[in-house]
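Structure in structure tokens, see below.
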Amino acid sequence: MAPALGWPRGAGAASRRWLVLLPPLLLVPLLARPAGALVEGLYCGTRDCYEVLGVSRSAGKAEIARAYRQLARRYHPDRYRPEPGDQSAEEAFLLVATAYETLKDEETRKDYDYMLDHPEEYYSHYYHYYSRRLAPKVDVRIVILVSVCAISVFQYFSWWNSYNKAISYLATVPKYRIQAIEIAKEQGLLKKAKEKGRNKKSKEEMRDEEENIIKNIIKSKIDIKGGYQKPQIRDLLLFQIVLAPFHLCSYIAWYCRWIYNFNIKGKEYGEEERLYIIRKSMKMSQSQFDSLEDHQKETFLKRELWIKENYEVYKQEQEEELKKKLANDPRWKRYRRWMKNEGPGRLTFVDD
């Protein structure tokens with residue numbers, strides 16, 4: 001009977017086992033990349049950082065620092081005079097400094113020791129070296145915190161600027177200005193501004209003081225809402241981020257109560273819930289909705305706009321009313337006439 005698989009007669013089991021393992025063994029030199037423990041371009045290059053400083057791998061930080069100071073004084077470019085054929089002072093000093101930078105940091109030294117012990121992980125050493133070298137020196141958390149604080153400060157002063165502009169504008173509106181002057185006269189504030197005698201002031205100073213009194217009264221009597229409202233610390237970005245977990249938990253609790261009360265138990269909406277549905281239907285933010293007059297909100301509630309069908313009717317009425325206003329607006333008529341006769345698709349010349 002012929003031997004199976006064409007094995008030669010008399011071949012033992014050991015011989016057949018080596019022949020089976022032979023193809024994989026031949027692939028190993030092709031797959032494995034030869035790598036030495038010291039690689040050019042990483043750390044101290046082909047020199048051992050420990051040998052450069054003249055210390056052992058078990059040396060502590062104090063010993064490494066002491067060896068670095070001695071070699072730094074020795075190879076300083078102002079002192080070191082290399083022999084012919086030796087490396088220059090700058091190269092020697094840079095090599096010593098690189099060795100010290102590598103060994104003084106615990107994490108970098110750990111990566112370097114791992115490279116010495118595992119030279120076969122060629123690409124991994126490159127990754128660890130450059131990822132640590134190119135990493136930002138400043139903690140990212142500090143950068144984010146400083147950026148958020150800077151944005152919050154800018155927000156705060158920007159909002160105060162908008163608020164002061166709104167107050168200055170309201171001080172020029174006759175309706176509010178006359179009311180503020182009446183209140184100032186009742187409180188005797190304008191009389192103090194016009195005191196005579198030693199404290200007599202110039203007309204410009206008196207005018208400025210009266211203007212400030214009027215603005216302060218307007219600030220105390222008028223509640224400005226929307227984009228020009230008085231700045232609040234809690235609205236700043238920094239505090240919004242800090243309070244974000246609280247707001248998230250509050251929203252989840254509110255949403256669960258909404259589902260339980262109105263979807264499961266079928267309760268009727270209260271005034272607050274009705275206004276919330278109306279605001280969502282109008283796609284308005286909270287600040288925009290708060291800036292509306294109270295009589296407008298009362299109209300919304302009377303017309304029951306939280307009901308979808310009623311809101312669609314109201315929306316259509318508003319669109320029709322807007323079309324009528326535009327149709328009767330002289331400026332809109334002129335624009336439509338211009339678009340019809342001399343629109344963007346025409347080029348006309350005016351003869352003088």
Side-chain angles (χ1 to χ4, degrees), residues 152 155-156 158-171 173-180 182-183 186 215-326:
S152 301
Q155 277 183 326
Y156 186 72
S158 176
W159 290 346
W160 265 111
N161 185 43
S162 300
Y163 176 71
N164 290 329
K165 284 183 178 180
I167 295 296
S168 299
Y169 169 74
L170 292 174
V173 178
K175 174 184 175 181
Y176 303 113
R177 187 176 183 85
I178 293 172
Q179 293 180 8
E182 292 296 328
I183 294 173
E186 291 176 3
K215 289 180 180 179
N216 290 333
I217 293 174
I218 293 175
K219 286 180 182 179
S220 62
K221 297 298 181 180
I222 294 182
D223 183 19
I224 302 176
K225 297 179 180 179
Y228 292 92
Q229 65 184 2
K230 190 174 183 179
Q232 302 290 333
I233 295 294
R234 64 175 179 270
D235 295 331
L236 297 178
L237 177 62
L238 177 62
F239 288 90
Q240 288 294 312
I241 294 175
V242 173
L243 297 175
F246 170 76
H247 291 318
L248 179 61
C249 295
S250 300
Y251 176 77
I252 294 174
W254 171 85
Y255 187 75
C256 292
R257 285 198 303 269
W258 182 285
I259 297 295
Y260 177 73
N261 290 328
F262 304 118
N263 292 12
I264 298 176
K265 298 184 69 175
K267 288 185 177 180
E268 290 189 2
Y269 295 125
E271 181 177 328
E272 183 179 351
E273 288 78 16
R274 292 171 180 175
L275 291 174
Y276 172 78
I277 296 174
I278 294 170
R279 179 174 68 83
K280 287 297 182 181
S281 299
M282 293 182 172
K283 298 179 180 179
M284 299 176 68
S285 65
Q286 186 65 52
S287 60
Q288 290 174 330
F289 195 76
D290 291 341
S291 62
L292 298 176
E293 298 291 340
D294 292 336
H295 67 85
Q296 291 178 290
K297 297 178 182 178
E298 291 175 3
T299 303
F300 297 158
L301 293 173
K302 287 179 181 178
R303 298 196 58 173
E304 299 183 350
L305 296 187
W306 65 88
I307 301 174
K308 186 175 181 181
E309 292 76 11
N310 296 344
Y311 175 74
E312 292 297 332
V313 173
Y314 171 80
K315 182 180 178 182
Q316 191 171 1
E317 291 176 359
Q318 293 297 312
E319 291 176 352
E320 293 295 331
E321 186 177 349
L322 179 61
K323 290 179 181 178
K324 291 179 181 179
K325 287 182 178 180
L326 291 175

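Quick caveat, the model's predicted, so the values are computed rather than measured.
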Is a donor on one side and an acceptor on the other found under 3.5 Å between the side chain of R177 and the backbone of A171?
yes

Who passes ring-ring contact (aromatic ring centres under 6.0 Å, His included) against F300, sequence neighbours left out?
Y314

Rounded to the nearest 0.5 Å, how far does CD1 of I218 lie from CD of Q179?
9.0 Å

Output for pair (K280 NZ, L275 CG), nearest 0.5 Å, gives 13.5 Å

Please test W159 against Y163 for side chain to side chain donor-acceptor pair (under 3.5 Å), starting from the C-alpha separation and ending with a verdict.
CA-CA 6 Å; W159 290 346; Y163 176 71; over 6 Å; no

Count the heavy atoms belonging to other residues, nucleotides or ligands that lie under 6.0 Å from OH of Y311, then report whether that count exceeds 12.
yes

Can you find a pair of side-chain heavy atoms, one from L170 and one from K215, that are under 4.5 Å apart?
no

State the OH-CH2 distance between Y269 and W306, to the nearest 0.5 angstrom.
10.5 Å

May I ask you to check whether over 12 heavy atoms, not counting those of Y260, lie within 6.0 Å of atom OH?
no

R303/E298 under salt bridge (charged side-chain N to carboxylate O under 4.0 Å, His left out): CA gap, chis, key distance, verdict
CA-CA 9 Å; R303 298 196 58 173; E298 291 175 3; over 6 Å; no

Would you indicate whether the side-chain heavy atoms of D290 and K297 approach each other to under 4.5 Å?
yes

How long is the straight-line distance from CG of L236 back to CG of L243, given to the nearest 0.5 Å?
10.5 Å

Using a 6.0 Å cut-off, check whether atom CD of Q232 has over 12 heavy atoms from anything other than its own residue.
yes

List in chain and number order the residues that pass side-chain contact (heavy atoms from CB on, under 4.5 Å) with E319, two or more places apart in sequence or in another chain; answer none if no residue qualifies.
K315

Is Q240 reaching over with its side chain to a backbone N or O of R234, donor-acceptor style, under 3.5 angstrom?
yes

Could you tell me which residues satisfy side-chain hydrogen bond (donor to acceptor under 3.5 Å, both in side chains) with S250, sequence neighbours excluded, listed by chain and number?
none

Does the side chain of E182 reach to within under 4.5 Å of the side chain of I217, using non-hydrogen atoms?
no

Take a 6.0 Å sphere around CD of Q296 and say whether it holds more than 12 heavy atoms from other residues, nucleotides or ligands.
yes

If only atom types and distance count, is the side chain of S152 paired as donor or acceptor with the main-chain N or O of L238 below 3.5 Å?
yes

OG1/T299 to CD/E293 distance, rounded to the nearest 0.5 angstrom?
11.0 Å

For E271, I'd like to know if atom CD has over 12 heavy atoms of other residues, nucleotides or ligands within 6.0 Å.
no

In Å and rounded to the nearest 0.5 Å, what is the CG to CD1 distance from L301 to I278?
5.0 Å

Ring geometry between W258 and W254 (parallel below 30°, tilted from 30 to 60°, perpendicular above 60°)
tilted

Given 3.5 Å as the limit, does a donor-acceptor pair link the side chain of N261 with the main chain of K267, or not?
no

So do N216 and K219 actually touch side chain to side chain, heavy atoms under 4.5 Å?
yes

